[in-house]
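All heavy atoms count here, side chains included; hydrogens, waters and symmetry mates do not. In what follows, residues are counted from 1 in the order of the sequence shown. Source: prediction; values computed, not measured.
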Amino acid sequence: MAKAKKTAPKTSAKSSPKKPAGKSAKPATKKVVKMAAPKKAAKAARQPAARPAPKVARKPVAKAVSKVARNAHPGGAIDVNLLSDLLKWAKGFGADSADALYVNGESISVAQRLGKREKLESSEGRDLGLRVFVGRRQAFVSSTDFDPASLRELASRAVDMARAVPEDPTCGLAPEELLARSWPDLDLDDRTRPSAKKLLAMAGEAEDAARAVKGVTNSEGAEAGWGRTSVMLAASNGFTGGYRRSGFSLSCSVLGGEGTGMERDYEWTSAVHLEDLMSPAKVGRNAGKFVVRRLNPRKAQSARVPVVYDRRVSGGLVGHLAGAINGRAVARGTSFLKDKMGERVFAEGIRILDNPLRKRGLGSRPFDAEGLATSRRAVIDDGVLTTWLLDLAAARQLNLKPTGHASRGVSGPPSPTTSNFYLEKGKLSVDELIGDIKSGLYITDMIGFGVNGVTGDYSRGASGFWIENGKLAWPVSGITVAGNLKDMFLNMTAANDLEFKSSTNAPTVRIEGLTVAGS
């Protein structure tokens with residue numbers, strides 16, 4: 001089956017892409033085996049994650065593809081000449097240039113609740129996307145039918161579509177001088193494929209450990225997952241490259257208390273390599289410990305106080321920054337930081353980095369979705385904003401150079417996204433960070449999404465602990481925290497407990513002068 005989509009010139013795009021950078025779209029065709037209905041695990045990170053293919057620089061497309069094909073899963077191996085033929089057919093039908101993206105994915109996911117298996121799911125699939133350009137016009141098609149005759153017809157249809165749509169002055173492939181020529185091995189593929197039995201054992205150990213914690217009265221279950229995605233990108237400008245990403249995840253969610261006094265909490269872990277996961281027993285113990293300490297919460301009085309964000313939730317603040325410096329939002333004028341390039345937007349000493357070349361990073365990628373080289377960048381350096389996140393289209397709109405932040409799926413255009421985006425750890429311990437707070441709030445969980453990307457206005461529901469005389473005094477819930485991100489960034493202090501649990505991370509942070517609305 002094939003699908004096709006016209007594209008007109010882009011006048012808008014989401015300023016905060018939902019997909020982490022470098023993560024490919026799921027293949028459209030899947031073989032699935034299920035037992036019972038799936039149950040969501042709290043905060044589980046299930047993105048397949050990747051190992052670069054052998055370095056490929058300006059080699060013939062067919063030769064480069066063959067290396068990935070030999071390493072791919074047999075059920076989803078790509079034909080040696082498929083991408084090169086697809087590009088050749090597109091140009092033969094009249095395209096001035098084109099690129100093709102191949103994605104093959106496989107995954108296993110299991111869950112148990114109260115000691116009984118609740119889900120067993122296995123899936124695999126592959127997808128192929130073609131983007132063609134006729135002058136300043138572009139069109140996209142994608143297919144799960146890899147028959148050469150069908151793909152030849154698909155290429156013809158794509159060119160016909162591109163001739164029919166309006167011009168887009170920002171579209172087009174990268175010039176050769178910007179293409180990645182080589183890239184390092186980022187160790188993104190754990191070559192082991194775990195069995196469903198092993199994953200079920202991990203989930204069982206986590207849930208058992210959580211239920212053994214005194215005060216835990218029920219369970220929402222534990223879930224474990226594995227996935228691997230192989231990606232190949234080829235373009236008529238001479239770029240060809242591929243990589244493979246694996247990923248493991250484990251989560252557990254339990255309840256404590258009785259009746260209307262019940263509380264819920266969770267713990268989760270995710271990693272590219274199995275050996276980097278938090279142990280199942282620790283995941284379970286943490287989930288149990290977190291929920292028990294939340295029992296018998298009180299309402300907080302409304303006040304303007306220092307607010308501390310635990311590292312479990314502080315990454316959200318860094319995520320709001322990513323949306324504000326997305327080149328598409330800046331070009332449209334819909335970012336509260338659109339006029340702040342080169343200015344201080346965070347407190348002195350704050351550094352926020354985007355590092356796509358971090359080994360075993362959950363957001364790592366050897367090149368971006370347009371074939372451009374990626375590099376480590378301090379987007380905030382000593383509090384000063386140094387760069388936007390730019391793909392080719394956003395860079396052309398702003399008359400700037402692209403930064404290698406493009407990400408895409410098989411059926412749409414690239415857009416700027418982060419990779420491994422994180423706030424560097426500070427010098428203070430968490431105890432030191434809260435030690436001088438006479439009265440304040442320590443947040444461990446956030447509710448809702450009340451953030452205005454145009455103005456920076458911020459208002460979100462929260463729960464956690466009230467701080468009295470530098471100590472966590474009692475649990476609180478049903479409160480709202482409000483401020484403006486421009487002021488919050490300028491009044492931020494980071495602790496030294498940074499952990500890499502996802503593609504966007506931050507240590508515990510303290511922000512002065514937020515409004516807390518309680519009872």
Side-chain angles (χ1 to χ4, degrees), residues 1-11 13 25 28 56 58-66 78-103 126-180 231-242 367-372 391-397 402 406 408-415:
M1 182 182 297
K3 56 183 178 179
K5 183 170 72 173
K6 293 183 180 181
T7 59
K10 288 189 172 283
T11 57
V56 182
R58 299 183 55 75
K59 295 182 180 180
V61 172
K63 185 174 182 180
V65 172
S66 68
I78 188 170
D79 181 79
V80 173
N81 298 307
L82 185 57
L83 292 185
S84 60
D85 285 346
L86 197 54
L87 297 178
K88 180 180 68 177
W89 293 332
K91 297 199 75 172
F93 287 122
D96 296 315
S97 57
D99 64 8
L101 177 66
Y102 166 81
V103 179
R126 58 178 185 167
D127 209 342
L128 184 65
L130 174 67
R131 177 171 61 150
V132 301
F133 301 89
V134 177
R136 287 297 183 182
R137 297 175 171 88
Q138 66 176 330
F140 308 86
V141 291
S142 64
S143 178
T144 58
D145 182 356
F146 281 44
D147 177 70
S150 298
L151 291 179
R152 185 180 177 90
E153 180 184 346
L154 197 72
S156 174
R157 188 186 312 165
V159 174
D160 288 343
M161 290 167 56
R163 291 192 176 110
V165 300
E167 289 192 349
D168 180 353
T170 68
C171 76
L173 298 181
E176 288 189 31
E177 61 270 17
L178 294 182
L179 298 178
V231 177
M232 170 60 70
L233 175 66
S236 59
N237 58 6
F239 179 82
T240 304
F367 50 83
D368 81 347
E370 294 174 312
L372 275 61
D391 62 356
L392 283 167
R396 288 164 181 153
Q397 285 180 287
R408 63 171 288 198
V410 295
S411 58
S415 61

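Across all their heavy atoms, L233 and A369 have their closest contact at CD2-O, 3.4 Å. Taking each heavy atom of A139 and M161 in turn, the nearest pair found is CB-CB, 3.8 Å. Residues S143 and D127 share a closest heavy-atom pair of O-OD1, 2.7 Å. Between L179 and G238, the shortest heavy-atom distance links the atoms CD1-C, 4.4 Å. Shown here for A155 and L130, the closest heavy-atom pair between the two residues is CA-CD2, 3.8 Å. Pairing each heavy atom of L372 with each of A180, the nearest pair is C-CB, 4.0 Å.
The side-chain contact (heavy atoms from CB on, under 4.5 Å) with L128 is formed by just one residue from the set V103, L154, L82; it is L82. Each of D96, L173, V132 was compared with S236 under the side-chain contact (heavy atoms from CB on, under 4.5 Å) criterion, and only L173 meets it.
No donor-acceptor pair under 3.5 Å is formed between the side chain of D99 and the backbone N or O of L101. R396 places a side-chain N or O within 3.5 Å of a backbone atom of G172 that can act as its donor or acceptor partner. Between the side chain of R136 and the backbone N or O of T170 there is no donor-acceptor pair closer than 3.5 Å. Looking only at distances, no side-chain donor or acceptor of E370 sits under 3.5 Å from a matching main-chain atom of P414. In this structure, R137 contributes its side chain and V165 its backbone to a donor-acceptor pair below 3.5 Å. The backbone N or O of F133 sits nowhere less than 3.5 Å from a side-chain atom of S97 that would complete a donor-acceptor pair. Here the side chain of D368 pairs a donor or acceptor atom with the backbone of A406 at under 3.5 angstrom.
Under the rule for a salt bridge (charged side-chain N to carboxylate O under 4.0 Å, His left out), K91 has no partner lying at least two apart in sequence or in another chain. Looking at residues two or more places apart in sequence or on another chain, you find a side-chain contact (heavy atoms from CB on, under 4.5 Å) between R163 and V134, V159, D160.
The shortest distance between side-chain heavy atoms of F140 and P413 falls below 4.5 Å. L178 places a side-chain heavy atom less than 4.5 Å from the side chain of P402.
Rounded to the nearest 0.5 Å, atoms CZ (R157) and CZ (R152) are 14.5 Å apart.
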